[in-house]
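Residue numbers start from 1 in every chain, and the chains themselves are labelled A, B, ... in the order their sequence lines are given, proteins ahead of strands. The figures here come from the full heavy-atom set of this structure, side chains too, leaving out hydrogens, waters and symmetry mates.
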2 protein chains.
Amino acid sequence: MDGEKIRKQVKDEFIEYMTLHKHRKTSERFAILDHIYSIKGHFNMDSLYDSMKDEGFRVSRSTLYNTIELLLDCNLVVKHQFGANASQYERAYGNENHDHIICIDCGDVRESRNNLISDTQLKKIKKFTVSYYSMYIYGVCSKCSHARRMKLNRMRKK
Amino acid sequence: MDGEKIRKQVKDEFIEYMTLHKHRKTSERFAILDHIYSIKGHFNMDSLYDSMKDEGFRVSRSTLYNTIELLLDCNLVVKHQFGANASQYERAYGNENHDHIICIDCGDVRESRNNLISDTQLKKIKKFTVSYYSMYIYGVCSKCSHARRMKLNRMRKK
DNA sequence: ATGTATGCAAACCATTTGCAATGAC
DNA sequence: GTCATTGCAAATGGTTTGCATACAT
C-alpha cells in the first residue's frame with residue numbers, strides 16, 4: 001500500500017512549508033495532517049473533530065481551523081463550499097481533480113472522474129496562477145426528481 | 001433596449017410558476033424579481049436589500065430570503081458560494097453560463113466567457129437532470145501573487 | 001527566555017425560525 | 001373569512017476572535 005508513502009511525502013512538504021514560513025512544528029499539526037490523509041473523500045470540521053477524538057487524539061476546533069488554514073495555503077488540502085452548509089474539505093495530494101454533481105434538493109454530492117476540462121485550457125487564463133478548479137454541476141438527482149413529480153401531481157389535482 | 005422585454009418575460013414565467021404552485025402573487029415578490037433583473041453581475045442579500053431601499057422599496061430580509069428561494073426553484077436566479085462569505089446570486093435568464101475565476105487570497109471574482117464545457121458533455125451524466133453548472137477556478141491573481149512573492153522574500157531574509 | 005500555538009469561551013454574522021399582523025385569494 | 005406571506009426579533013450554527021496557558025524554538 002502506498003498510503004504510507006504519500007503520508008511521508010506530504011509530511012515532508014508540510015515541514016518544508018512550516019520551516020520556510022517560520023511556523024512551529026507542533027504534534028497537533030502533524031496529527032491533523034496525518035489524519036486527513038487517512039480520510040477518503042470529503043470531510044468537514046465536525047467529522048474531522050469527531051473521528052480524531054475517536055482515535056484518541058483530541059484537538060480543539062480552533063486548532064483545526066488554524067491548521068486547515070495552513071494546509072490550504074500550501075495546497076495540501078482543498079476546500080469546497082457546496083450549498084450553504086458547512087465547508088467541506090478533502091486532501092489534495094494523490095487525489096485527482098474531479099467534478100462534483102450536487103443535488104439542489106437533498107444536497108447530495110456525487111463525484112465524477114470524467115474530467116471535462118483539459119489542463120491546456122486552464123493555462124489560457126491570463127494573469128492568474130491556477131492552483132485548482134472545482135466543477136460544480138447543480139441539478140436534481142433521480143430520487144428527488146421523482147419526489148418533485150409527485151408533489152406537482154398532487155398540486156395539479158387540488 | 002431589450003431589458004424591458006426580458007423583464008416582462010421573466011415576470012410571466014414567475015407568474016406561471018406561482019400559479020402552478022399555488023403561491024400568492026404579492027407586490028414584494030414582483031418588486032424583488034424586477035429589481036434583481038435590473039442588476040448586472042453578482043449581488044448578495046445585503047446589496048440587494050440596500051439597493052432596494054435606496055430605490056424606495058423596503059422589504060424585510062426574511063422576505064428577500066423567502067422570495068429568492070422561489071426564484072432559485074424556478075431557475076430564474078442562480079446561487080453561488082464563493083469562499084466562506086455570504087452567498088452571491090445572479091439572474092439566470094438572459095445571462096449566459098460563465099466560468100468564475102476566484103482569487104484565494106483577496107477573494108476577487110472574475111468572470112470569463114470562454115465556456116470550457118459543452119452541453120453535450122453535460123448530457124452524459126446519468127440519472128441526473130442538470131439545471132446549471134458552475135466552474136470555479138481557484139488560484140492567485142497577479143496582484144496577490146506579487147504580494148506573496150514580497151512576503152516570501154522578506155521571510156527568507158530574516 | 002521568548003513569543004507562537006493551543007484551547008476555551010465569548011463574539012460574530014449570514015441565515016433560519018417563531019409568531020403576530022397583514023393582505024391575497 | 002381563511003390562511004399564506006410579511007416583518008420583526010430571537011435563535012441557530014459554522015467560523016472567528018480574545019485571552020490565559022502551554023510548549024516549540
Side-chain angles (χ1 to χ4, degrees), chain A residues 11 14-33 35 42-50 52-53 56-74 77 79-89 104 107 151 154-155 158, chain B residues 11 14-33 35 42-50 52-53 56-74 77 79-89 104 107 151 154-155 158:
Chain A
K11 186 177 177 181
F14 196 28
I15 290 175
E16 194 186 333
Y17 169 81
M18 289 190 289
T19 307
L20 179 57
H21 289 259
K22 308 250 192 297
H23 289 137
R24 293 187 179 169
K25 297 162 199 74
T26 66
S27 55
E28 286 85 355
R29 287 177 175 168
F30 288 121
I32 292 166
L33 174 67
H35 198 90
H42 301 119
F43 63 91
N44 59 35
M45 285 305 185
D46 251 41
S47 68
L48 180 59
Y49 179 86
D50 288 344
M52 284 193 75
K53 202 166 66 174
F57 202 108
R58 217 211 70 116
V59 223
S60 74
R61 275 162 215 281
S62 325
T63 303
L64 285 184
Y65 280 107
N66 171 5
T67 304
I68 284 272
E69 199 58 40
L70 298 182
L71 293 172
L72 286 170
D73 193 47
C74 62
V77 165
K79 183 177 183 172
H80 293 288
Q81 203 81 41
F82 311 120
N85 3 341
S87 301
Q88 301 216 49
Y89 305 84
I104 48 182
K151 195 180 161 197
R154 254 179 286 127
M155 303 213 119
K158 262 186 203 166
Chain B
K11 187 177 177 181
F14 196 27
I15 290 175
E16 195 186 332
Y17 168 83
M18 289 190 288
T19 307
L20 178 58
H21 289 260
K22 308 251 192 295
H23 288 138
R24 293 184 180 170
K25 297 162 200 74
T26 66
S27 54
E28 285 86 354
R29 286 177 177 168
F30 288 121
I32 292 166
L33 175 67
H35 199 91
H42 301 119
F43 63 90
N44 60 35
M45 285 304 184
D46 252 40
S47 69
L48 180 59
Y49 180 87
D50 288 344
M52 284 194 75
K53 202 167 67 175
F57 204 109
R58 217 212 69 117
V59 222
S60 73
R61 274 161 215 282
S62 326
T63 302
L64 285 184
Y65 280 108
N66 171 8
T67 305
I68 283 271
E69 198 59 40
L70 299 181
L71 294 172
L72 286 170
D73 193 48
C74 61
V77 165
K79 182 178 184 173
H80 293 288
Q81 203 77 46
F82 312 121
N85 1 341
S87 302
Q88 303 215 48
Y89 305 85
I104 48 182
K151 194 180 162 196
R154 255 179 285 126
M155 303 213 120
K158 262 187 199 164

Open item on the list: Treating primed atoms plus P, OP1 and OP2 as sugar-phosphate and everything else as base, which nucleotides of nucleotides 11-23 of chain D get B, S or - for protein heavy atoms under 4.0 Å?
Closed with: ---SBBB------
Task: Side-chain N,O (A/Lys22) to OP1/OP2 (C/dT4) below 4.0 Å - done: no
- [ ] Measure across A/Asn44 and A/Tyr89 and return the closest heavy-atom pair with its distance rounded to 0.1 Å.
- [x] CA-CD1, 4.3 Å
Task: Stacked cation flag A/Lys25 on A/Phe30, 6.0 angstrom / 45 deg - done: no
Task: Length of the CG-P vector between B/Leu64 and C/dT16, whole Å - done: 12 Å
- [ ] Would you mind reading off the distance between B/Glu28 atom CD and D/dT5 atom P, rounded to a whole angstrom?
- [x] 11 Å
- [ ] For B/Tyr49 and C/dT15, give me the distance from atom OH to atom P, rounded to whole Å.
- [x] 15 Å
Task: Mutual orientation of the aromatic rings belonging to A/His23 and A/Tyr17 [parallel < 30°, tilted 30-60°, perpendicular > 60°] - done: tilted
Open item on the list: With side-chain contact (heavy atoms from CB on, under 4.5 Å) as the criterion, how do A/Glu69 and A/Tyr65 come out once you've worked through the C-alpha distance, each side chain's angles and the decisive distance to 0.1 Å?
Closed with: CA-CA 6 Å; A/Glu69 199 58 40; A/Tyr65 280 107; over 6 Å; no
TODO: Check the distance between D/dG7's P and B/Ile32's CD1 and give it to me in whole angstrom.
DONE: 8 Å
Open item on the list: Can you see if the side chain of A/Ser60 gets near the phosphate of C/dT6 - specifically, an N or O under 4.0 Å from OP1 or OP2?
Closed with: no
Open item on the list: Please enumerate all residues that pass side-chain contact (heavy atoms from CB on, under 4.5 Å) together with B/Thr63, with sequence neighbours excluded.
Closed with: B/Glu28, B/Ile32, B/Val59, B/Ser60, B/Thr67
TODO: Measure up the B/His80 and B/His42 rings against each other and bin them: parallel (under 30°), tilted (30 to 60°), perpendicular (over 60°).
DONE: perpendicular
Task: Nearest-angstrom distance from the residue atom CD1 of B/Ile15 to C1' of C/dC25 - done: 15 Å
Open item on the list: I want to check one thing: is the phosphate of D/dT6, taken as OP1 and OP2, less than 4.0 Å away from some side-chain N or O of B/Arg58?
Closed with: no
Task: Integer-rounded Å distance: C/dT16 P and B/Leu72 CG - done: 11 Å
Open item on the list: If I take atom CZ in residue B/Arg29 and atom P in nucleotide C/dG23, what distance separates them, rounded to the nearest angstrom?
Closed with: 15 Å
TODO: Measure the distance from CG on B/Asn66 to C1' on C/dG18 and round it to the nearest whole Å.
DONE: 14 Å
Open item on the list: Working note: A/Phe57 + A/His35, criterion side-chain contact (heavy atoms from CB on, under 4.5 Å); need CA distance, chi angles, decisive distance, verdict.
Closed with: CA-CA 10 Å; A/Phe57 202 108; A/His35 198 90; over 6 Å; no
